[in-house]
Amino acid sequence: MTKYILVSGGVVSGIGKGVIASSTGLLLKTTGLKVTAIKIDPYMNIDAGTMAPTEHGEVYVLNDGGEVDLDLGNYERYLNVTLSRDNNITTGKIYRHVINKEREGEYLGKTVQIVPHITNAIQDWIERVAKIPVDESGEEPDVCIVELGGTVGDIESAPFIEAMRQFQFRVGYDNFALIHVSLVPDLHGEQKTKPTQTTVHSLRGLGLLPDLIACRLLNPQPLQPATKAKISMFCHVTSEQVFGVHDVSSVYHVPLLLKSQGILEYLSKRLKLDKISITKEMSEKGTSLGKRWKDLTAGQERLFDTVTIALVGKYTDLKDSYMSVIKSLEHSAFRIHRKLIVNWVESSDLEPETQETNAARYHDAWRSVVTAGGILVPGGFGNRGTEGMMLAIKYAREQKIPFLGICLGFQLAVVEWARHVLEIPGATSEEFDSKAEHQVIIFMPEISKTHMGGTMRLGLRPTVFEEGTETWSRARKLYGGAGKIWERHRHRYEVNPTYVEQLSNSGLVFSGKDEKGERMQVLELPEHPYFLGLQAHPEFCTRPLNPSPPFLGFVAAASSPAVLAEQLENQRLNFRPPHPADAMVSEAALRDVEVVEVNGTAA
């Protein structure tokens, strides 16, 4: 029987439920258990695909093309698993599922209601997805972490709270535990417990009793014994069921912080985890994972050398817009034993118009760019700020500064080259000017122009390196010299085939293409220290112990040529793709799967 751990939140949202859920799952994996995770988002959207990054943080893309909440990125990175779009439940998905069943007559004329139809659908969905294998074992998970987004008491989360109240009886007491995350504010040095008392009282009134209370403190001060005792007394739990999660130097320390307070021992006793059969192989893998994670976090504290990256983006007001990009940079910095410094640069601040309206911001932005060891231009949509991005790309190209362009950054590198090397001043993207004469980036012909949600080129797709690239291509070497690689995509536009020959003949090398050789997916400048662009989003497949290859090369190059050479050799010998073998298939096979899903015959 699968064990379920529900992680809920109170007082305020955005205080770290995702990290606590992921850290709990990681600790369980270190014991040899197989762990999966589900995120519940109570909003009405079908998925996160149409939401602006500044609205809800980055849109994370999965192998199957699912556009989901960024917390699923935390789960994949911490647990080293591969999830599907069904691991993200939204109100929109549940209501659509129930309404479709009603239209098909499956309720036999009954009045369709929140209880029991919506709540049953939620429980059925969780039980079904919890049994799907997510790791290299190919076996059903032992434990499913379920994170409920938002806060207890929100109107939109009420059906999910009721569903989980019922679910605890469906699966049984020994198979269901609840971790409630609450804010413990610090007012003038005093840790206040009243918000936690109130939210636990609300939770109990809704029929859910917390097994563990995670007290989130927004400063480096640990939870005081007196505070812990007071919460224990007023929230009807023992003191061992209360643990503190204060600010630490890195989120990668959180699993060790939880472990030091006995969370593993409590969950093992509460859920009878010792009765689950664990093979010797899985136990050894868990022990190895725990040791490597401890080494990773211990090494961070002894770093003195730094590497500085200028991130030139258009959503820099909300840092979560680039969550996976930052994680990729962090993982790469861990590997090369450098302390990462990120210079956040709002791309529009680099444009001449800003020099006229706000000279201080303009000069500060350019100072951040020119003092960095590497320049990164990530993905995005729309025209705003793209001229500033191209100015940064031009600077990186001409001054031989390591550069990495992701999705939009890849496309803008092509536009910049067309303007300044091919001397086509009007070169642009169809996304910015649909009537321009020289559209070097165009709308992909198969993409819908009327529907926005789920209509991009999405999910894990293959890229084939050109013949002869094995001798010089840094991108290929970073992927262990493989002739074909797989990365996740999310885009509507591509390089215009009409201009490919002209671009290539002028020195811009498209070293990686799709299987038909028609779609440009990787660009490089062989004579540049490190100039790499990818149409894909490699940041979605990074892991703390297995960094994304393009990011690793980029951060290494930003440190020094010697560090880059060392990592190229290391990747040649040791790189292993993070994807399951059955996910690395051809585009034709992917299209067959998509046709089956559209026809409604897939599970």
Side-chain angles (χ1 to χ4, degrees), residues 1-9 17-42 62 64 66 68-69 71-90 93-94 119-149 160-161 163-181 208 210-212 214 255 258 263-264 266-268 270-278 282 286 289 580 603:
M1 179 70 182
T2 306
K3 308 290 185 178
Y4 296 88
I5 299 174
L6 174 65
V7 180
S8 62
K17 290 193 302 294
V19 173
I20 291 171
S22 302
S23 300
T24 302
L26 173 72
L27 290 175
L28 293 170
K29 283 205 74 164
T30 63
T31 68
L33 293 167
K34 299 179 289 293
V35 183
T36 186
I38 295 172
K39 173 69 188 295
I40 297 174
D41 284 302
L62 301 169
D64 65 357
V68 297
D69 185 83
D71 275 319
L72 273 80
N74 278 329
Y75 304 155
E76 287 201 333
R77 288 187 287 266
Y78 275 73
L79 306 179
N80 193 26
V81 295
T82 301
L83 305 176
S84 74
R85 54 165 55 94
D86 285 351
N87 288 80
N88 192 190
I89 303 175
T90 69
K93 282 182 183 178
I94 293 294
T119 52
N120 282 348
I122 293 166
Q123 295 175 73
D124 293 343
W125 192 302
I126 291 171
E127 275 199 302
R128 173 176 62 84
V129 175
K131 291 177 169 52
I132 298 173
V134 293
D135 60 19
E136 70 278 1
S137 73
E139 298 174 359
E140 186 177 309
D142 302 309
V143 180
C144 178
I145 310 284
V146 182
E147 180 191 347
L148 176 58
F160 294 101
I161 292 286
M164 298 316 294
R165 184 193 69 78
Q166 298 173 21
F167 191 68
Q168 63 185 330
F169 300 112
R170 179 191 283 207
V171 300
Y173 178 78
D174 291 341
N175 301 312
F176 182 91
L178 170 59
I179 300 175
H180 189 61
V181 183
L208 286 169
D211 293 287
L212 289 168
L258 300 183
I263 188 174
L264 265 181
Y266 180 82
L267 287 174
S268 180
R270 170 67 179 77
L271 295 173
K272 296 183 170 56
L273 298 178
D274 56 331
K275 294 188 177 179
I276 297 176
S277 177
I278 299 173
M282 291 302 292
L289 171 63

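Keep in mind it's a predicted model, so treat the numbers as computed, not measured.
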Inset, instruction - Say whether, by atom type as modelled, one donor and one acceptor occur between the side chain of Gln123 and the main chain of Thr119 under 3.5 angstrom. - result: yes
Inset, instruction - Could you tell me whether the side chain of Lys39 and the main chain of Glu147 form a donor-acceptor pair under 3.5 Å? - result: no
Inset, instruction - Identify the two heavy atoms, one from Gly149 and one from Pro42, that lie closest to each other, and give their separation to 0.1 Å. - result: O-CG, 3.6 Å
Inset, instruction - Check for a donor-acceptor pair, side chain of Glu76 on one end and backbone N or O of Gly73 on the other, with a separation under 3.5 Å. - result: no
Inset, instruction - Considering only NZ, NE, NH1 and NH2 on the basic side and carboxylate oxygens on the acidic side, decide whether Asp86 and Arg128 come within less than 4.0 Å. - result: yes
Inset, instruction - Work out which heavy atom in Leu79 is nearest to a heavy atom in Lys29; give both atom names and the distance. - result: O-NZ, 2.7 Å
Legend entry - Heavy-atom check, side chain of Thr24 versus side chain of Ile263, under 4.5 Å: yes
Legend entry - For Asp135, all residues meeting salt bridge (Lys or Arg N to Asp or Glu O under 4.0 Å), sequence neighbours excluded: none
Legend entry - Note, Leu28 side chain near Leu273 side chain (heavy atom, < 4.5 Å): yes
Inset, instruction - Spell out, as yes or no, whether a donor-acceptor pair under 3.5 Å connects the side chain of Asn87 to the backbone of Ser84. - result: yes
Legend entry - Test: Arg270 cationic atom under 6.0 Å from Phe176 six-membered ring centre, within 45° of axis: no
Legend entry - Contact check, side chains of Leu267 and Leu212, non-hydrogen atoms, under 4.5 Å: yes
Legend entry - Check ion pair Glu140-Lys34 (N to O, under 4.0 angstrom): no
Inset, instruction - Could you go through the side chain to side chain contact (heavy atoms under 4.5 Å, CB included) check for Leu148 and Leu6 one step at a time? - result: CA-CA 7 Å; Leu148 176 58; Leu6 174 65; 4.2 Å; yes
Inset, instruction - Determine the minimum heavy-atom distance between Gly32 and Ile278, stating which atoms define it. - result: O-CG2, 3.6 Å
Legend entry - Ionic contact status for Asp274 with Lys272, cut-off 4.0 Å: no
Legend entry - Donor-acceptor contact present, side-chain Asp142 to main-chain Leu33, <3.5 Å: no
Legend entry - salt_bridge(Asp124, Arg170) N-O dist < 4.0 Å: yes
Legend entry - Side-chain heavy-atom pair Thr36, Tyr75 within 4.5 angstrom cut-off: no
Legend entry - Ile126 vs Tyr4 side-chain heavy atoms within contact, under 4.5 Å: yes
Legend entry - Sidechain-backbone polar pair: Lys3 side chain, Val143 backbone, donor-acceptor under 3.5 Å: no
Inset, instruction - Find out whether Ile179 and Lys17 are in side-chain contact, i.e. whether some heavy atom of one side chain is under 4.5 Å from a heavy atom of the other. - result: no
Legend entry - Val35 side chain reached by Val81 side chain, heavy atoms, under 4.5 Å: no
Inset, instruction - Indicate yes or no: at least one non-hydrogen side-chain atom of Leu83 is less than 4.5 angstrom from one of Val134. - result: yes
